[in-house]
Amino acid sequence: MKIGIINEKKDNRVAVVPDLVKRLIDEGNEIIAEKGCGESALYADQTYEDAGANLVSRTDALKSSEIICTISPLDIDDLKQLPSEAVVISSYQPYHSIEKTEEVASLNLTAFSLDMIPRITLAQAMDVLSSMASIAGYKAVIIAANHLPKYFPMLTTAAGSIPPAKVLVMGAGVAGLQAVATAKRLGSVVRAFDTRAAAKEEVESLGAKFVEVEGAADDKAAGGYAVDQTEEFKQKQREKIFEEAVKADVIITTAQLRGKPAPTLITKEMVEQMKDGSVIVDIASSTGGNCELSEDEKTIVKHGVTIIGNSELAADVPNHASQLFSKNIHNFLKTFLKEGKLEIDMENEIIKSSCIASKGEILYGK
Ligand code: NAD
């Protein structure tokens, strides 16, 4: 199959790095890459050429791609240039918006959405959400430390003592646990909170304190995802978070609910009571945010608190993020690309869940 790689319009990452180009060619495929596709992630054209890719213009790459993997979904102008019945692979998030899926279906393309890959052990090595979330959790702490007008670690010096920064992590999933680990490494005192009972042990194993609010609904049938909570629980949670938030120097929020807006955990009133100079990094900003005041893709200062809304922090570590993304993509491709030929088995659980459109039909939700 001819596999295309193109320059992301709004992202520094690239979906396929030169190392994967070589492997895909060894497996019987041909690679057509847009010139400069890996430049912003520090993968030079020469490395793509050395790996065996044909470097061409964007239009030529699109026109020849029978399969194309991208970090963000292609826009309609790009999609229209693909051969009919091409396979497009990206994160379409059909549960947040069906428009992109409708676009690919209207063009008779077959679309796989990486965020729809089921959370089963077999699919762990394909889980783009987890690899990118882990980078985001790390980067959130680094950015917070950069904005905080204080030290993170405790210091005892001849000029006096500095207490450690207090970091509160809301949502202890993949991103949250990496934030906990990074904040601990920087020497801060870390507390973390989650509605899933399983998170307690994980937080404690990283040396942080788990903030408990009793009575959370924790649905084992939700496939590792959190579920919405009762009003009674939410009220108890708000009170507990208020107590913790006013003490914190940094709050990293990562709480998500699959297919729904992110829960509001930090209210305007809490921000008003936080210490001047404190920092909130809201990783959930693209789905509404966990902080009532955060604005997606913006850094603002409200009531003396710096609030950073950014759900694409992995794009700020483009070299390693692209490397991990590529590895996930390779493992995913292997489920339906055998010796350079497409073998799409709709009975396969991973394919069935992630194939959201085929032959003009939207398959998501069916
Ligand atoms: P996510 O991005 O959907 O949510 C982030 C965290 O926010 C979760 O831990 C969630 O419980 C928490 N959260 C949601 N509502 C909250 C609220 N009101 N208050 C506080 N916290 C709230 O989840 P994620 O980080 O991608 O993954 C969650 C878990 O799923 C992981 O810890 C892992 O155990 C599991 N997982 C399994 C696989 C797999 O088996 N393939 C892959 C990825 C994750």
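Read the numbers this way: they start at 1 and go in the same order the structure lists the ligands and their atoms.
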Practice problem: Look up atom CG in Asp296 and atom OG in Ser311, then write down how far apart they are to the nearest 0.5 Å. | Solution: 5.0 Å

Practice problem: Ignoring hydrogens and angles, state whether a donor on the side chain of His303 or Glu269 is under 3.5 Å from an acceptor on the partner side chain. | Solution: no

Quiz item: Does Phe193 reach ligand 1 with a nitrogen or oxygen that is under 3.5 Å from one of the ligand's nitrogen or oxygen atoms?
Solution: no

Quiz item: Is ligand 1 under 4.0 Å from a heavy atom in the side chain of Ala198, in the backbone, in both, or in neither?
Solution: neither

Practice problem: May I ask you to check if ligand 1 and Gln124 share an N or O to N or O distance below 3.5 Å? | Solution: yes

Quiz item: Do the rings of Phe112 and Phe332 sit parallel, tilted or perpendicular, given the 30° and 60° boundaries?
Solution: perpendicular

Quiz item: Out of Leu122, Thr195, Ile283, Leu177, who gets a non-hydrogen atom closest to atom 17 (C) of ligand 1?
Solution: Thr195

Self-check item: Nearest neighbour of atom 4 (O) of ligand 1 from the list Gln256, Arg196, Arg258, on a heavy-atom basis
Solution: Gln256

Quiz item: Which of the numbered atoms in ligand 1 are below 4.0 angstrom from a heavy atom of Ile120?
Solution: 41 (N)

Practice problem: Classify the contact between Gln237 and ligand 1 as side chain, backbone, both or neither, using a heavy-atom distance cut-off of under 4.0 Å. | Solution: side chain

Quiz item: Do any N or O atoms from the side chain of Asp194 and from the backbone of Gly171 form a donor-acceptor pair under 3.5 angstrom?
Solution: no

Quiz item: Are a donor atom and an acceptor atom from the side chains of Thr264 and Glu292 found within less than 3.5 Å of each other?
Solution: no

Exercise. Compute whether any side-chain donor of one residue and acceptor of the other, for Ser294 and Ser285, lie under 3.5 angstrom apart.
Key: no

Quiz item: Any N or O of Thr121 that comes nearer than 3.5 Å to an N or O of ligand 1?
Solution: no

Quiz prompt | Val174-ligand 1 polar pair, N/O distance under 3.5 Å | solution = yes

Quiz prompt | Close approach of Ser130 to ligand 1, heavy atoms, under 4.0 angstrom | solution = yes

Quiz item: Are there more than 12 heavy atoms of other residues, nucleotides or ligands under 6.0 Å from atom CD of Gln235?
Solution: yes

Quiz item: Which part of Asp127 is near ligand 1, with near meaning a heavy atom under 4.0 Å away: side chain, backbone, both or neither?
Solution: side chain

Exercise. Could you tell me whether Arg23 atom CZ has more than 12 heavy atoms of other residues or ligands within 6.0 Å of it?
Key: no

Practice problem: Would you kindly specify which portion of Pro263 sits under 4.0 Å from ligand 1, judged on non-hydrogen atoms: side chain, backbone, both or neither? | Solution: side chain

Quiz item: Any donor and acceptor pair, going by atom type alone, linking the side chain of Glu34 with main-chain N or O of Asn7 inside 3.5 Å?
Solution: yes

Self-check item: Whether Ala133 lies under 4.0 Å from ligand 1, heavy atom
Solution: no

